[in-house]
Peer 1: 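The structure is given below, and queries will be raised subsequently.
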Amino acid sequence: MSNREVRVRFAPSPTGPLHMGGVRTALFNYLFAKRHGGKFILRIEDTDQTRFVPGAEEYIMESLAWCGISFDEGIREGGAFGPYRQSDRKSLYKQYSDQLVESGAAYMAFDTPEELETMRTKLETENAAIRQYNAGTRMGMRNSLSLSEAEVKTLLAAGTPYVVRFKLPNNEDIVINDIIRGEVTFNSLQLDDKVLFKSDGMPTYHLANVVDDYLMKISHVIRGEEWLPSMPLHVLLYRAFGWEAVMPEFAHLPLLLKPVGKGKLSKRDGDKMGFPVFPMQWKDPETGEFSRGYREDGYFAEAFVNLLALLGWNSGTEQEIFTMQALTELFGFDRVSKSGARFDPEKAKWFNHQYLQLKTDAELASLYQKFLQQKGIKVEESVLVKIVPHVKQRVNFVHEMWEQSAFFFVAPESYDEKSAKKNWKEQTPELMTKLAEVLEACTEFTANVTETTVKAWIEANQHGMGAVMNAFRLAIVGAPQGPHMFDIIEVLGKTETLKRLKKAIETIK
RNA sequence: GGUCCAUUCGUCUAGCGGUUAGGACACUAGAUUUUCAUUCUAGUAACAGGGGUUCGAUUCCCCUAUGGACUACCA
C-alpha cells in the first residue's frame, strides 16, 4: 500500500432512501479512514437531474449521522476540495471532456437514441459476439471518427446535440489489482465506448467520478461489487488523463443478498418478510408510501452498525460484538470476504438483544418511559428501573417490554381461560384467601421476605407449590406469563397485590 | 447471449497443504423452574461436482455446474 494520505469517499446518488447495503459501504469507508488516520468525504453524485428525489440528500446524511458515521469533508462539513455536490461542480467537467477529445482519447457521437436502439436490436438478432459501441462497431455509427471533418463541422454548426464517448483501445487486456479480489483481467473488446459527457451538458457518473476522485485526491475507491465491471473504464480514464501515478486503489465489496431466494437485497424483501432495509423510515414524496427503518423499528444504532460490519467482514476471532471504536481499530480488507452475504433478519434481532442487555437499567428505564409516554401511560422512572431488570432478558427491543410488563401498570381485566381451567380449582379461592392473609401479615414487602414467608407457609401446610403459585400468577398477572412472582409483587406493592387477589377470588369461576 | 466475480453446516463465517473442519444465529433434546422466557449443557448439520499438482488437498491449478453483478446520454 502506498504511503500517501488516506482519503476515501462515500458517493451516493440522491435518488431515494439509502439502502442498508449503502450504509455498509459507507461504514467500511469510514472504518478504513479511521483505521489509517485518514479523511472521509461525502460527495453527492447528482449528475442525473431526472432522478432527483427531494429529501434524499438529507435522508442520507441523517441516517449516517444516526449510525455514528461522520464525515471530515462534505456538503455540510465543507472542506478544501469542494464543492462536494456534483451539480455544483458542473462547470468543471466540460474542460476535462474537451481535453480528452483534443487528445484523441474521446470523440463526439451524434447518434440519436433511436439509432442506438436500432444498432442494439440488430446486433442482438444477429447474435453478434460483440454488441458494444466500441472498436468493433463505432465506424458504422455517426460520430467524429466515422464522419468526415466537413460533416462533423456541419453538424456542429447546426447545433446538433452530441455526446462525448471514450475511445476504447482495440482488443487490449486490462489487468487491474483489486484490494479484495486480487488481479482482475478485462478485454477492451468486451467494454464499450461509454458516454462521458451527455448532451444535456452534464458529465456521466464515469467522468465525474474519475475527475472528482482525482481533484479530491482520493486514495482508495471503496464501493459495491456492482461497480466492478466499470473499473477498467475508470482505469483507462486515469491513463488517458495522465493521472495513473495518483490513481486510487480499488476495493469492491461483496453484495448483500436476499434472506431467501435469488438476487441482491431489495426493498421488496423487507416488505415481504417484515424487516427494514433502510436505516430510517422513509416517506416516498411521490406516493406518500412509508418504508420502515431500523431506527423506528427499535434497533439501537450500535447494533445496526455491528451487524452490518459483520456482513462481509470478520475479526478473525470468535468475538461478534464490537463497538464502533473497536471496529475502527480492527477493520482491514484482508478480512473482507469475496462472496455476497445473505442477510439474516433473525440474527439482526439477536444483535439488538445483545446490545439491549448491555444497557444499564437506568438507560432502559428512560427509553421505556418514552415509549410508555407515547402510549399515554405515565409511570415514574424509579418504578421502571425496578421492572426493567426483570424483563429485559426476555426481549429484543425496548418496545417489546410492553407485552412483558403491561400487567405492572394495568390490573388484569380478564383471566386467561386455559390457565384458569387448569389452575383455578374448587379449593383455589380458599387457598388464595389464605395466601392473602399470609401476605397481609408480611411487615416488609420485599421479594425476599414474601418468598420466604409464602414458601414456608406452603411447606407447613403441604399445599403444593404449583397449586398455589400458578393460581397466584393468574390472579396477579391474568395470564401464565411474566417474571418471578415475588419480584412482580414487590414492584406492585402490598396494597395492589391484595387488591388483585381479592378481585380474582371474586371474579374467576 | 456476452463479460467479470464468487462457491465451507439452512444462514453469517474461521480455516491460508497434514484439523476429531472451529464459532455464532436458527433448530432439536436435556437440566433448572411457580407460568412463559432466560440461563446452562448436549446434539443435528458443511468443504458444489470432476480432473489434475502433491507423499498428502477444504486449502494450489483447470473444466463443469450453480449463484451473483454488469451489459443506458442511471448511478
Side-chain angles (χ1 to χ4, degrees), chain A residues 11-15 45-48 50-51 86 109 111-113 116-117 120 123-124 127-133 161-165 178 180-181 184-187 189-192 194-200 202-206 208-209 223-232 252 254-255 257 259-260 262-264 307 310-320 335 337-351 357 390-395 404 416 419 422-423 454-455 458 464-474 477 479-486:
Chain A
S13 157
T15 53
E45 308 225 327
D46 57 348
T47 51
D48 185 359
T50 62
R51 294 214 304 162
Q86 286 183 332
D111 315 279
T112 62
L116 290 170
E117 186 57 32
R120 286 193 194 105
L123 290 171
E124 201 167 320
N127 234 330
I130 294 161
R131 303 176 191 182
Q132 271 75 22
Y133 194 129
Y162 68 92
V163 300
V164 173
R165 283 184 182 272
D178 181 278
I180 294 171
R181 281 147 222 285
V184 184
T185 307
F186 301 86
N187 186 286
L189 266 184
Q190 307 301 339
L191 276 28
D192 64 6
K194 282 286 179 202
V195 171
L196 301 178
F197 205 82
K198 301 184 268 187
S199 57
D200 67 357
M202 282 293 249
T204 61
Y205 164 80
H206 301 292
N209 142 70
R223 74 232 297 199
E225 194 189 339
E226 69 268 29
W227 295 109
L228 195 57
S230 51
M231 178 167 66
H252 288 93
L255 261 20
L257 273 20
V260 292
K262 298 174 177 182
K264 59 176 176 179
L307 75 92
L310 290 207
L311 248 23
W313 175 85
N314 76 85
S315 70
T317 69
E318 282 171 6
Q319 186 182 342
E320 295 202 272
R335 302 214 63 92
S337 48
K338 296 183 177 75
S339 50
R342 221 177 253 279
F343 173 65
D344 180 3
E346 286 307 312
K347 188 137 187 185
K349 288 182 197 160
W350 176 81
F351 273 108
Q357 308 316 312
H390 302 306
V391 296
K392 68 175 180 186
Q393 61 196 163
R394 317 162 80 92
V395 300
Q404 294 298 328
D416 182 79
S419 174
K422 191 176 158 200
N423 300 311
V454 171
K455 282 190 171 168
I458 291 173
M465 202 65 158
V468 175
M469 296 309 294
N470 287 328
F472 187 26
R473 178 175 295 278
L474 184 64
V477 177
Q481 56 163 260
H484 194 62
M485 273 312 293
F486 298 101

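For clarity, every value in this text was computed on a predicted model and none was experimentally measured. Below, read A as the first sequence line, B as the second, and so on, with proteins coming before strands; counting in each chain starts at 1.
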Peer 1: Which base sits across from B/rU20 as a Watson-Crick or G-U pair, both distances under 3.5 Å?
Peer 2: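 Partner of B/rU20: none.
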Peer 1: Considering every strand and a 4.0 Å limit on heavy-atom distances, what is the contact class for A/Lys349: base, sugar-phosphate, or nothing?
Peer 2: nothing
Peer 1: Provide the distance between the two C1' atoms, one in B/rU59 and one in B/rG1, to the nearest whole Å.
Peer 2: 35 Å
Peer 1: Of the listed nucleotides (B/rA75, B/rU35, B/rG23), which one gets closest to any side-chain atom of A/Gln481?
Peer 2: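 Between B/rA75, B/rU35, B/rG23, the one nearest the side chain of A/Gln481 would be B/rU35.
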Peer 1: Taking atom NZ of A/Lys338 as the centre, does the number of heavy atoms from other residues, nucleotides or ligands within less than 6.0 Å exceed 12?
Peer 2: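 Incorrect, the count does not exceed 12.
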Peer 1: Return the 5'-most residue of the pair A/Arg342, A/Phe186 with respect to RNA chain B, ranking by each residue's nearest nucleotide.
Peer 2: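 On the 5' side of the pair lies A/Phe186.
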Peer 1: I'd like a list of close polar pairs between nucleotides 57-66 of chain B and the protein, N/O only, cut-off under 3.5 Å.
Peer 2:
none

Peer 1: How long is the line joining CD of A/Glu225 and P of B/rU7, in whole Å?
Peer 2: 10 Å
Peer 1: Checking A/His206 now: which residues fulfil ring-ring contact (aromatic ring centres under 6.0 Å, His included) with it, not counting sequence neighbours?
Peer 2: A/His234
Peer 1: Separation of A/Lys338 atom NZ from B/rU8 atom P, in whole Å?
Peer 2: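 Computing the A/Lys338:NZ to B/rU8:P distance gives 12 Å.
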Peer 1: Report yes if at least one side-chain N or O of A/Arg165 is closer than 4.0 Å to OP1 or OP2 of B/rC73; otherwise report no.
Peer 2: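 For B/rC73, OP1/OP2 do have a side-chain N/O of A/Arg165 under 4.0 Å.
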Peer 1: Between B/rA75, B/rA69, B/rC4, which one does the side chain of A/Trp227 approach most closely?
Peer 2: B/rA75
Peer 1: Base, sugar-phosphate, or nothing: which does A/Arg51 touch, judged by heavy atoms less than 4.0 Å apart?
Peer 2: base
Peer 1: Determine which nucleotide pairs with B/rC4, using a 3.5 Å limit on both distances of a Watson-Crick or G-U wobble pair.
Peer 2: B/rG68
Peer 1: When the P atoms of B/rU19 and B/rG10 are compared, how many Å lie between them, rounded to an integer?
Peer 2: 23 Å
Peer 1: Let's see if you can work this out: which of B/rC12, B/rC5, B/rC25 has an atom nearest to the side-chain heavy atoms of A/Leu311?
Peer 2: B/rC12
Peer 1: Please tell me which of the listed nucleotides, B/rC73, B/rC4, B/rC70, lies nearest to the side chain of A/Leu116?
Peer 2: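 My answer, after comparing the listed nucleotides, is B/rC73.
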Peer 1: With respect to the side chain of A/Arg120, which nucleotide from B/rA24, B/rU35, B/rA72 is positioned closest?
Peer 2: B/rA72
Peer 1: Ignoring the backbone of A/Ser199, work out which of B/rC73, B/rG68, B/rC5 is nearest its side chain.
Peer 2: B/rC73
Peer 1: Mind checking salt bridge (charged side-chain N to carboxylate O under 4.0 Å, His left out) for A/Asp192 and listing every partner two or more places apart, or none if nothing turns up?
Peer 2: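 Once residues adjacent in sequence are excluded, the partners of A/Asp192 under the salt bridge (charged side-chain N to carboxylate O under 4.0 Å, His left out) criterion are A/Lys194.
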Peer 1: Mind checking A/Val195 for me? I need base, sugar-phosphate or nothing, with any heavy atom below 4.0 Å counting as a touch.
Peer 2: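 If one applies the 4.0 Å heavy-atom cut-off, A/Val195 turns out to touch the sugar-phosphate alone, with no base involved.
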Peer 1: Could you please name the option among B/rA24, B/rC5, B/rC70 that lies closest to any side-chain atom of A/Pro229?
Peer 2: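 Of all the options, the side chain of A/Pro229 is nearest to B/rC70.
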Peer 1: Under 4.0 angstrom, heavy atoms only, what part of the nucleic acid is A/Gly312 near: base, sugar-phosphate, or nothing?
Peer 2: sugar-phosphate
Peer 1: Checking all strands, does A/Asp111 fall into the base, sugar-phosphate, or nothing category for heavy-atom contacts under 4.0 angstrom?
Peer 2: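 Answer is base: heavy atoms of A/Asp111 come under 4.0 Å of a base.
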Peer 1: Could you work out which one of B/rG15, B/rC25, B/rG68 sits closest to the side chain of A/Arg335?
Peer 2: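 Closest of the options to the side chain of A/Arg335: B/rG15.
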Peer 1: Nearest nucleotide by nearest heavy atom, which residue falls closer to the 5' end of RNA chain B, A/Met469 or A/Thr47?
Peer 2: A/Met469
Peer 1: Between B/rA14, B/rA69, B/rA75, spot the one nearest the side chain of A/Asp48, thanks.
Peer 2: B/rA75
